[in-house]
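Below you'll find the structure, written out as structure tokens, and then a few comments.
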Amino acid sequence: MRYSQIFSKTSKTVSHDADSANAKLLIQGGFIHQEIAGVYTFLPLGLRTLRKIEQVIREEMEAFGGQEILMPALTPKSAWQTTDRWDGFDVLFKLEGAGSKEYALGATHEEIVTPLAKDYTFSYKDLPFAVFQIQNKFRNEPRAKSGLLRGREFLMKDLYSFHASESDLDAYYEKSKDVYLRIFERLGFDPKITVTTYASGGAFSQFSHEFQVLSEVGEDTVYMCEKCHLAINKEIIDAQSTCPSCGNADLLEKKGIEVGNIFKLGTRFSEPFGFKFTDEDGQMKPAQMGCYGIGPSRIMGSLVEVYHDDQGIVWPKSVAPLQVHLASLGKDEIVQATCDKLYQDLKDQGIEVLYDDRDRQVGAKLADADLIGIPLRVVVSKRTLESDSVEWKERSVSDAETIPLAGLIEKVKECFSG
Ligand code: ATP
Ligand code: MG
């Protein structure tokens, strides 16, 4: 990508609506644009990161047996009445269509997926299976805040699993915890700050589990057992005040951002929709269900919250919008020609390059590179070319090095391998 051709630019100023590091840096860096409170457009750079996050999640969901579908965002009132959630789900966006028909914008999709699964499930032989989607959700949050952390329209991956027995649901649910932890690690979170957390479970199990990224800006308070690397959400701490795994009572209070949530639904939704199947013994039984959510847009905001410095964002390699930030300094023809060639050579090797080919002051270009936060910066100037070299600087380290132009491509490939 040539930076001169991207329509969305970095900006020095940001509106005071930007109440958090992720809102400020993502808006200033030209990743997102705020439309109304809690509603954002993803700009070219921001969409690239969002898509990379989605792709990691998609790969892991497919490996976990999930079949990708896409359900509608417009959902009928009748389905929500069936489950008593038309009035019971406090943040549902409701709207009226032609002929005074009422609808809700999808805030979650049990009301759609349960009757859907019912249509294709007849006997125990059709179970188990799991479907997932990655889709915008709508919630009338009383206070949209903290940039991408709490939006009114946001992206969610929601997977739903269907089972013939509770024990089959239990086994799948347990496995999902490892899948989730792997996702967060692949997305670039240090495993030390991603904590599986016990939360209230509803009617069908004592606990649900949340995945919290420890951060001072998090809305949730959790009590953490350092030995087991598990936590309990404050909202249930009365029911369980010691580590559920080792009994340790010496728990540490921490702040966290909930980036994922898994839930055993049991028959909460299959019962009201009459979703029954014929079991091996010939009996009609309600299907057992689980749901497994992750917020890709909240994850994008969380990554910025935990990985930034005073100059800007420090993207993990796996989800950075592009890999190399190539900048030409000065107007010399040889500098331009060298950069143009390097840009092409890197692209030919499958490396993703943001080429800052603009005619700008050195300071402005370097400041933009820090703000945007691409993992590797390569700078070419008349001075570096005097020794047939370039300046190499990784965003996560403070010092730059001078390295020979010869062999540069190999070194870049090495930097992004594995
Ligand atoms: P919270 O407790 O933060 O309100 P929730 O428990 O209602 O979230 P779920 O219904 O479990 O959230 O949604 C699954 C995932 O979707 C969450 O773990 C989170 O990553 C994401 N998510 C939920 N609400 C929002 C929101 N308003 N903005 C951005 N992401 C969200
Ligand atoms: Mg929650």
Side-chain angles (χ1 to χ4, degrees), residues 19-20 22-23 26 32 34-40 42 46 50 53-54 56-57 61 73 83 85 88-93 104-113 132-160 173 176-177 179-181 183-184 187 189 194-202 205 207-215 217-222 231 233-236 255-265 268-269 289-306:
D19 58 351
S20 56
N22 83 86
L26 289 170
I32 60 173
Q34 189 181 42
E35 303 308 338
I36 47 177
V39 180
Y40 294 90
F42 286 82
L50 189 66
I53 294 171
E54 273 179 55
V56 167
I57 296 171
M61 288 300 107
T83 59
R85 293 212 290 183
F89 199 104
D90 55 349
V91 291
L92 206 55
F93 267 113
L105 292 178
T108 175
H109 275 72
E110 285 85 0
E111 274 74 2
I112 304 302
V113 82
F132 75 98
Q133 64 173 351
I134 300 176
Q135 187 212 32
N136 280 16
K137 294 279 192 274
F138 300 84
R139 290 188 185 177
N140 196 1
E141 302 276 359
R143 235 159 71 75
K145 58 176 177 175
S146 310
L148 295 183
L149 299 190
R150 185 166 296 286
R152 294 203 168 99
E153 178 174 352
F154 59 94
L155 198 60
M156 194 197 286
K157 181 284 300 178
D158 41 334
L159 180 136
Y160 304 88
Y173 183 88
S176 75
K177 292 182 190 166
V179 175
Y180 266 53
L181 291 178
I183 288 173
F184 298 121
L187 292 174
F189 288 110
T194 317
V195 186
T196 307
T197 303
Y198 287 71
S200 58
S205 61
F207 299 113
S208 69
H209 291 83
E210 296 169 346
F211 296 84
Q212 297 276 351
V213 169
L214 300 180
S215 160
V217 305
E219 281 182 39
D220 289 21
T221 301
V222 302
N233 196 305
K234 186 178 181 167
E235 290 167 3
I236 65 148
K255 286 284 180 193
I257 307 169
E258 182 208 304
V259 286
N261 201 181
I262 58 173
F263 227 96
K264 287 183 198 170
L265 299 171
R268 163 70 180 92
F269 295 93
M289 289 172 56
C291 73
Y292 314 77
I294 270 192
S297 50
R298 183 180 283 183
I299 283 171
M300 184 166 158
S302 306
L303 282 167
V304 176
E305 290 296 337
V306 287

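Atoms within each ligand, like the ligands themselves, are counted from 1 in listed order. What you are looking at is a predicted structure, and each value in this text was computed from that prediction instead of being measured.
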(request) Would you please say whether a donor-acceptor pair under 3.5 Å links the side chains of Asn261 and Glu210? (result)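 Judged by distance alone, the side chains do not pair up.
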(request) Check whether the side chains of Lys255 and Thr221 place a donor and an acceptor atom closer than 3.5 Å, and report yes or no. (result)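 Yes.
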(message) Against the six-membered ring of Tyr173, is Lys264 placed for a cation-pi contact (under 6.0 Å from the centre, within 45° of the normal)?
(response)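 Yes, cation above the ring, under 6.0 Å and within 45°.
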(message) Using heavy-atom distances only, which candidate in Phe154, Tyr292, Phe263 approaches atom 24 (N) of ligand 1 most closely?
(response)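 Nearest option to atom 24 (N) of ligand 1, by heavy atoms: Phe154.
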(request) Identify which of Arg150, Glu258, Lys137 has a heavy atom lying nearest to atom 4 (O) of ligand 1. (result)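 Ranked by closest heavy atom to atom 4 (O) of ligand 1, first place is Arg150.
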(request) With heavy atoms under 4.0 Å as the rule, classify the contact between Arg139 and ligand 1 as side chain, backbone, both or neither. (result)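 It is the side chain that gets close, since no backbone atom is under 4.0 Å.
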(request) Heavy-atom contacts with Gly151 under 4.0 Å: which atoms of ligand 1 show up? List them by number with element. (result)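 Within the 4.0 Å cut-off of Gly151, ligand 1 contributes 26 (C), 27 (N), 28 (N), 29 (C).
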(message) Within the 4.0 Å heavy-atom shell around Asn261, which atoms of ligand 1 are there?
(response)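 Selected atoms, number and element: 6 (O), 11 (O), 18 (O).
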(request) Ignoring angles and geometry beyond distance, decide whether Val259 reaches within less than 3.5 Å of ligand 1 through its nitrogen or oxygen atoms. (result)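 Between Val259 and ligand 1, an N or O pair is found under 3.5 Å apart.
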(message) With a 4.0 Å cut-off on heavy atoms, is Leu149 in contact with ligand 1?
(response)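 Under 4.0 Å: yes for Leu149.
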(request) Could you label the plane-to-plane angle of the Phe184 and Phe211 rings as parallel, tilted or perpendicular, counting under 30° as parallel and over 60° as perpendicular? (result)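 Ring orientation, 0 to 90° scale: tilted.
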(request) Using side chain to side chain donor-acceptor pair (under 3.5 Å) as the criterion, point out the one residue from Thr194, Thr197, Asp220, Thr196 that pairs with Gln212. (result)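 The option that passes is Asp220.
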